[in-house]
Enquirer: 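Below is a structure I'd like to ask you about.
Within every chain, numbering begins at 1; the chains are lettered A, B, ... in the order of the sequence lines, protein sequences first and strands thereafter.
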Amino acid sequence: MKQYNHSEIEKKWQQEWASARAFETPDTVAGKENSYILFEFPYPSGNLHVGHWYAFALTDIYARFERLRGKNVLFPVGFDAFGLPAENAAIKHGLNPRTWTYQNMDSMRAQMRAMGCTFDWSREVVTCAPEYYKWTQSLFLTLFNAGLVQKKTTTVNWDPVDKTVLANEQVLADGTAERSGALVEQKEMDQWTVSITKYADRLIDDLEPLDWPEAIKDSQRNWIGRSEGAKLTFTLSGSYGSLQVFTTRPDTLYGVTYLVVAPEHELVSVALPALANKDAVEAYITAAKRKTERDRLIGEKEKTGVLLDGVTATHPLTGESLPIYTADYVLKGYGTGAIMAVPAHDERDAAFAEAFGLPVKKVIAPRLVDDRNPHVEGKEVVTRNAVIAVVRNPENDTYLTLHWPAQQWHTFVIGGVEGEEDSVAAALREITEETGYTDVRFVRKLVGPTRSEFFAAHKDVNRIGYFDIHLFELGSLEQKVVAEEEVKKQTYEWVPRSALTTAMTHTEMPFILESLDTGKEFFWSGEGILVNSGEHTGLSSAEAKQRITEAAGGELVSTYKLRDWIVSRQRYWGCPIPIINCPHCGPVAVPEDQLPVVLPEIDDYMPRDDGRSPLAKATEWMQVSCPSCGGNAERETDTLDTFVDSSWYYLRYADAKNEQVFADREKLNAWMPVNFYSGGAEHTTMHLLYARFFNKALFDLGLVPSAEPFTKRLNRGLILGTDGNKMSKSKGNVIDPDTEVARFGADTVRSYLAFIGPYNEPGNYPWDPNGIVGVRRFLERAAAIPEHVVVETPAHVRQLVHQSIKKVAEDAARFKFNTAIAQLMVLTSAICKDGIGKDDAQLVAVILSPFAPHLAEELWQQLGGISLVAHEPWPQYDASLLEQATVIIAVQVNGKVRGQVEASKDATEADVLHAALGQESIQKWVGDTDPKKVIYVPGKLLSIVV
RNA sequence: GCCGGAGUGGCGGAAUGGCAGACGCGCACGACUCAAAAUCGUGUCUCGCAAGGGGUGAGGGUUCGAGUCCCUCCUCCGGCACCA
């Protein structure tokens with residue numbers, strides 16, 4: 001066999017493509033649809049790793065496939081070139097960050113050319129180039145002028161190692177910095193913030209129609225964390241004015257027994273001097289301040305707090321006076337930083353109320369509808385207070401249950417509460433009436449009130465019962481004689497705990513069982529029907545939310561977990577913020593004609609402890625006159641978060657060279673929105689959210705054509721080391737793609753990564769050194785196809801060719817490159833075994849080309865193809881060739897496969913059945929009886945039921 | 001705790017409700033070879049000599065037929081989490 005010399009072939013075709021400028025994309029091509037395929041541009045770390053290959057080369061497979069399918073494909077490339085590593089290298093090794101970055105980009109470009117990707121280098125963007133960041137600054141000012149950017153004093157996440165501010169998204173759950181791993185501190189600083197929260201609703205609502213994996217959408221929804229509720233105002237005593245709280249449950253307003261404000265809440269500092277327990281409150285807030293985020297997480301969830309002794313609130317509906325506490329379980333940053341506490345229906349409030357001995361008032365009854373005894377239409381509806389008595393005999397751990405023969409009910413002792421009687425007294429009365437037992441002691445309440453709806457057959461009415469459920473213990477078996485009419489209605493029986501199941505007639509059973517198991521009264525935090533709620537009693541939660549909010553003079557609002565995006569960074573290697581701080585005029589935008597504000601060269605990149613960027617050392621650069629008043633002023637010395645740079649790079653690709661505008665509107669119209677965006681899961685709540693926001697803001701200003709930037713998104717998986725761990729230098733399990741390319745060739749590396757697993761679901765795949773050898777063997781066989789050319793393609797190979805044209809296209813379209821390659825393997829093996837005609841072999845080169853582009857070009861040329869295979873159209877398959885004239889049909893008898901028959905592909909059920917019954921192996925199972933039922937799936941299967 | 005996603009051979013993984021395990025790796029045997037590597041071929045879920053039985057995290061259900069649909073549960077992964 002002729003040797004498959006990958007290095008020769010790959011070098012040859014890479015040169016051919018480059019000299020033909022084969023993949024530079026015009027903005028429009030007559031008769032072709034545009035398709036914009038994007039991957040996350042890399043940070044120029046200096047070295048291409050396997051993850052880059054997985055990101056770029058597999059996206060390239062799709063780009064090539066789209067091109068073959070007749071699309072005009074934009075597949076651009078660039079570098080996200082600002083950021084800390086360059087600066088850290090500068091500090092550590094005394095290199096200039098610019099030099100370091102540009103050298104890295106040079107070596108990475110060389111590595112990337114070896115991938116055989118169809119990158120359009122003519123549109124390359126580099127975020128640290130003034131030609132690019134001029135427009136980053138311009139767009140920043142566009143948002144500034146639109147009122148979406150402000151300088152604000154905020155509590156920020158301060159990274160004491162990198163000495164810079166971090167966005168919330170850059171802080172891990174354990175309170176450490178994502179990048180440096182340092183424990184993040186909270187600091188008050190003046191920061192540039194972008195009002196992403198103004199777009200919170202649209203960032204959630206516009207997710208719906210996007211062709212994104214549900215998991216990404218959900219993560220974003222979670223992250224934005226919208227919750228719908230109400231803002232309610234409580235009037236305060238003395239001259240303190242009022243206090244606004246946020247609640248998702250205004251329907252529980254009658255259950256409020258106290259209020260809580262966060263330790264940082266304004267009211268605490270305002271009221272402090274006059275408080276009777278001033279010292280205690282002061283001590284508490286000092287302690288709370290000292291707790292970092294991490295302490296709060298690791299620290300016990302035990303509720304702490306302290307009364308604000310000297311100020312009270314008035315309940316807006318009942319006029320009751322309510323105490324106010326400060327406690328750190330209420331967070332300053334969420335809602336209004338103050339809550340109304342409803343200990344009867346909120347777990348946290350319940351824990352606090354228990355710790356502080358505060359009253360609990362139930363206002364919601366869960367609504368239980370008995371499906372087995374539903375309300376009967378036309379019957380009277382009678383509402384009653386009622387009680388269920390769970391009586392336990394401690395002697396043998398059995399429970400007293402009743403059987404109602406007429407209704408087929410199985411219940412505990414149950415009955416109505418009469419007049420002024422309380423529910424415990426009513427229960428004791430009913431126990432004696434129904435069973436005769438007299439020596440019974442009340443233990444505790446289990447459940448209640450519940451609102452239960454059922455048809456009371458014994459009374460012939462529709463009953464709405466508000467039930468209390470109590471636990472009793474039997475003291476002795478003492479009994480009175482039970483009236484005869486009661487005996488007729490029901491009989492009683494003692495049953496063990498295990499016989500109490502949800503199968504009993506009470507709809508409350510799950511609640512009762514839970515309370516028996518936990519030993520605690522059943523706690524209801526869900527919605528239901530209002531009780532003890534004045535004029536609103538009897539309403540459903542849903543209705544009450546509106547009516548009570550209205551009655552209390554509040555308003556229905558949404559709040560979000562999403563915070564505004566802090567974009568200033570106190571570091572050197574970033575895009576300078578184009579603002580001049582004037583002592584008279586405040587922050588003033590640098591005039592558009594003075595952009596870009598060029599990042600000055602400095603000598604010392606060390607970050608400063610005072611929270612200012614190293615740019616503050618470039619005194620000459622800093623000193624300017626105010627564009628507004630002409631007086632002395634200073635440039636802003638903070639730089640922009642690199643996520644700002646990457647929030648719009650996909651727009652620049654549409655028109656990368658434009659010097660008049662960030663991108664020409666016509667070109668944006670031609671390309672936006674991006675048709676397919678491939679990237680890493682780590683960007684789900686960062687880059688993807690920022691970019692969506694940025695694009696929406698620009699859309700609202702009429703600068704981009706679509707409200708959403710990315711139509712389809714997939715998060716790719718991770719390639720692990722051969723040991724199944726994440727590749728890392730310290731583990732010594734890093735696979736160097738350059739080494740693999742040298743040994744096996746780029747086509748093999750690409751195809752191996754495509755074959756390793758489905759690209760449309762983000763799995764983690766270990767690198768298998770043997771696995772890549774298998775793929776290499778496949779390409780060696782493919783390389784030998786010209787040697788197997790025969791005059792006429794054998795029929796079964798021809799069929800396989802057309803099946804492959806169809807299947808590879810279908811699989812590639814849904815990013816199942818693994819099964820597409822499996823099909824190509826089957827096809828190639830058949831060709832090597834039985835030969836193929838030249839014309840058909842050319843088709844094979846075309847469908848192979850997205851995966852192994854260099855080899856495919858070589859084959860194409862050897863097989864007499866003209867021009868480049870990369871520019872061929874995807875072949876049409878011949879549907880008539882897909883199926884054979886006769887097919888093998890599986891025959892099932894009673895659901896088990898018992899044999900096969902060969903039949904024409906359009907044989908009728910009767911034909912196939914006849915053939916099947918003629919076979920001994922099937923006859924054996926069918927016997928003499930006539931089949932009860934026969935199902936025929938044409939061309940596939942016959943199922944006989946006997 | 002809440003919200004998503006996923007559980008299939010020794011491994012990566014295939015399967016419009018229609019013969020579970022395609023394709024690849026690994027392994028075994030064979031061919032070629034003085035020999036080895038490479039290559040090619042055959043076999044490879046499991047119990048059973050066989051006929052046949054069992055099998056897709058566990059248990060139930062729907063169906064002529066379930067990896068696939070429904071219910072309950074378990075485990076793993078991801079996101080959020082004292083979020084009112």
Enquirer: Could you state the NZ-P distance from A/K231 to B/C83, rounded to the nearest angstrom?
Expert: 19 Å
Enquirer: Can you name the atoms? Protein N/O to nucleotides 15-18 of chain B N/O, anything below 3.5 Å, with the distance.
Expert:
{"from": "B/G18", "atom 1": "N2", "to": "A/Q892", "atom 2": "OE1", "distance (Å)": "3.1"}

Enquirer: What distance, rounded to whole Å, do you find between the two P atoms, one in B/U72 and one in B/G4?
Expert: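 To the nearest whole Å, 14 Å.
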Enquirer: Look at all strands and tell whether A/P213 reaches a base, only sugar-phosphate, or nothing, counting heavy atoms closer than 4.0 Å.
Expert: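 Answer is nothing: A/P213 stays at 4.0 Å or more from every strand.
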Enquirer: Identify the residue among A/N222, A/N715, A/D218 that makes a side chain to side chain donor-acceptor pair (under 3.5 Å) with A/T684.
Expert: A/N715
Enquirer: Indicate whether any N or O donor in one side chain lies under 3.5 Å from an N or O acceptor in the other, for A/S558 and A/D201.
Expert: no
Enquirer: Between B/C74 and B/C19, how far apart are the P atoms? Round to whole Å, please.
Expert: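 About 33 Å, rounded to a whole number of Å.
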Enquirer: Looking at CG of A/L689 and CD1 of A/I196, how far apart are the two atoms once the value is rounded to the nearest 0.5 Å?
Expert: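 So the CG of A/L689 and the CD1 of A/I196 are separated by 4.5 Å.
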Enquirer: To the nearest 0.5 angstrom, please state how far the CZ atom of A/R777 sits from the CZ atom of A/F744.
Expert: 10.0 Å
Enquirer: How are the rings of A/H315 and A/Y254 set relative to one another: parallel (under 30°), tilted (30 to 60°) or perpendicular (over 60°)?
Expert: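 The arrangement is tilted - the two ring planes meet at 30° to 60°.
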Enquirer: Could you check which nucleotide pairs with B/A14 in any of the strands shown, counting Watson-Crick or G-U wobble with both distances under 3.5 Å?
Expert: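 Pairing partner: none.
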Enquirer: Quick one: does A/K303 reach the base of B/C82 with a side-chain donor-acceptor pair under 3.5 Å?
Expert: yes
Enquirer: Which glycosidic conformation, syn or anti, is assigned to B/G5 if syn requires a torsion within 90° of zero?
Expert: anti
Enquirer: Extract from the structure each pairing of a protein N or O with an N or O of nucleotides 69-79 of chain B at less than 3.5 Å, listing the distance.
Expert:
{"from": "B/G79", "atom 1": "N2", "to": "A/N222", "atom 2": "ND2", "distance (Å)": "3.2"}
{"from": "B/G79", "atom 1": "N3", "to": "A/N222", "atom 2": "ND2", "distance (Å)": "3.4"}

Enquirer: Is any side-chain N of the basic residue among A/R814 and A/E810 closer than 4.0 Å to the acidic one's carboxylate O?
Expert: no
Enquirer: Is there a donor-acceptor contact under 3.5 Å linking the side chains of A/D768 and A/Y752?
Expert: no
Enquirer: Take atom C1' in B/G61 and the same atom in B/C77, then report the distance between them in whole Å.
Expert: 29 Å
Enquirer: Given the C1' atoms of B/A14 and B/C45, what is the spacing between them in whole Å?
Expert: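 Pairwise C1' distance, B/A14 against B/C45, rounds to 15 Å.
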Enquirer: Is there a Watson-Crick or G-U wobble partner for B/G78 with both distances under 3.5 Å, and which nucleotide is it?
Expert: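 WC or wobble partner is B/C3.
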Enquirer: B/C83 P sits how many Å from A/K561 NZ, rounded?
Expert: 8 Å
Enquirer: Under 4.0 Å, heavy atoms only, any strand: does A/F246 hit a base, just the sugar-phosphate, or nothing?
Expert: base
Enquirer: Nearest whole Å is fine: how far is B/C11 P from A/N770 CG?
Expert: 16 Å
Enquirer: Is it true that A/R713 and A/E40 make a salt bridge, defined as a side-chain N closer than 4.0 Å to a carboxylate O?
Expert: yes
Enquirer: If you measure from the P atom in B/G12 to the same atom in B/C83, how many Å do you get, rounded?
Expert: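 Nearest-Å result for B/G12 against B/C83 at atom P: 38 Å.
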Enquirer: To the nearest angstrom, how far is A/E347 atom CD from B/C2 atom P?
Expert: 11 Å
Enquirer: Counting heavy atoms from C-beta on, name the nucleotide in B/C83, B/C23, B/G13 closest to the side chain of A/A822.
Expert: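 Ranking B/C83, B/C23, B/G13 by closest atom to the A/A822 side chain puts B/C23 first.
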Enquirer: Check whether any side-chain N or O of A/S227 sits under 4.0 Å from OP1 or OP2 of B/A84, and answer yes or no.
Expert: yes
Enquirer: Suppose we define a pair by two distances each less than 3.5 Å, Watson-Crick or G-U wobble; what does B/C49 pair with here?
Expert: none
Enquirer: Side-chain N or O of A/R221 less than 4.0 angstrom from OP1 or OP2 on B/C80?
Expert: no
Enquirer: Measure the spacing between CD of A/Q892 and CD1 of A/I944 and express it to the nearest 0.5 Å.
Expert: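 Separation between the atoms: 9.5 Å.
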Enquirer: Are the charged groups of A/D811 and A/K816 less than 4.0 angstrom apart, N to O?
Expert: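 No, no charged N to carboxylate O under 4.0 Å.
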Enquirer: Do A/Y258 and A/F352 have ring centres separated by under 6.0 Å?
Expert: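 A/Y258 vs A/F352: aromatic centres under 6.0 Å.
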Enquirer: Please state how far atom CZ in A/F778 lies from atom P in B/A38, giving the value in whole angstrom units.
Expert: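 For the pair A/F778 CZ and B/A38 P, the rounded distance is 21 Å.
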Enquirer: Looking at A/I821 and A/F778, what are the two nearest heavy atoms and their distance?
Expert: CG2-CE2, 4.1 Å
Enquirer: Just N and O in the side chain of A/R781: are any of them under 4.0 Å from OP1 or OP2 of B/C40?
Expert: yes
Enquirer: Roughly how far, to the nearest 0.5 Å, is CD1 of A/I204 from OH of A/Y560?
Expert: 6.5 Å
Enquirer: Give every pair of a protein N or O atom and an N or O atom of nucleotides 50-52 of chain B that lie under 3.5 Å apart, one pair per line with the distance.
Expert:
{"from": "B/G52", "atom 1": "OP1", "to": "A/K924", "atom 2": "NZ", "distance (Å)": "3.3"}

Enquirer: Please tell me if A/Y334 has a side-chain N or O lying less than 4.0 Å from either OP1 or OP2 of B/A84.
Expert: yes
Enquirer: So, OP1 or OP2 of B/G24: does either fall under 4.0 Å of a side-chain N or O from A/R777?
Expert: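 So the side chain of A/R777 is outside the cut-off, no N or O lying under 4.0 Å from OP1 or OP2 of B/G24.
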Enquirer: Taking atom C1' of B/A22 as reference, at what distance in whole Å does atom CG of A/L800 sit?
Expert: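 About 13 Å, once rounded to whole Å.
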Enquirer: Pick the C1' atom in B/A20 and in B/G54, then give their distance to the nearest Å.
Expert: 13 Å
Enquirer: Rounded to whole Å, how long is the line connecting atom CG of A/D723 with atom P of B/G12?
Expert: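 Computing the A/D723:CG to B/G12:P distance gives 14 Å.
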Enquirer: What distance, rounded to whole Å, do you find between the two C1' atoms, one in B/G9 and one in B/G5?
Expert: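 24 Å, rounded to whole Å.
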Enquirer: Go ahead and name the base partner of B/U68; Watson-Crick or wobble counts if both distances stay under 3.5 Å, otherwise write none.
Expert: none
Enquirer: Report, as yes or no, whether the 6.0 Å neighbourhood of atom NE2 on A/H914 holds more than 12 heavy atoms from other residues, nucleotides or ligands.
Expert: no
Enquirer: Could you tell me how far B/G60 sits from B/G43 if I compare only their C1' atoms? Round to whole Å.
Expert: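 39 Å, rounded to whole Å.
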Enquirer: Which nucleotide sits closest to the side chain of A/D768: B/C19, B/C25, B/G12?
Expert: B/C25
Enquirer: Can you tell me how far C1' of B/C80 sits from CD1 of A/I216, to the nearest Å?
Expert: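 In whole Å, B/C80 C1' and A/I216 CD1 are 16 Å from each other.
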Enquirer: Paired with B/G30: which nucleotide, if any, by Watson-Crick or G-U wobble criteria at under 3.5 Å for both distances?
Expert: B/C40
Enquirer: Are A/N733 and A/N725 close enough that a side-chain donor and a side-chain acceptor fall under 3.5 Å?
Expert: no
Enquirer: Quick check on RNA chain B: between A/G774 and A/P766, whose nearest nucleotide comes earlier from the 5' end?
Expert: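 Taking each residue's closest nucleotide, the earlier one in sequence belongs to A/P766.
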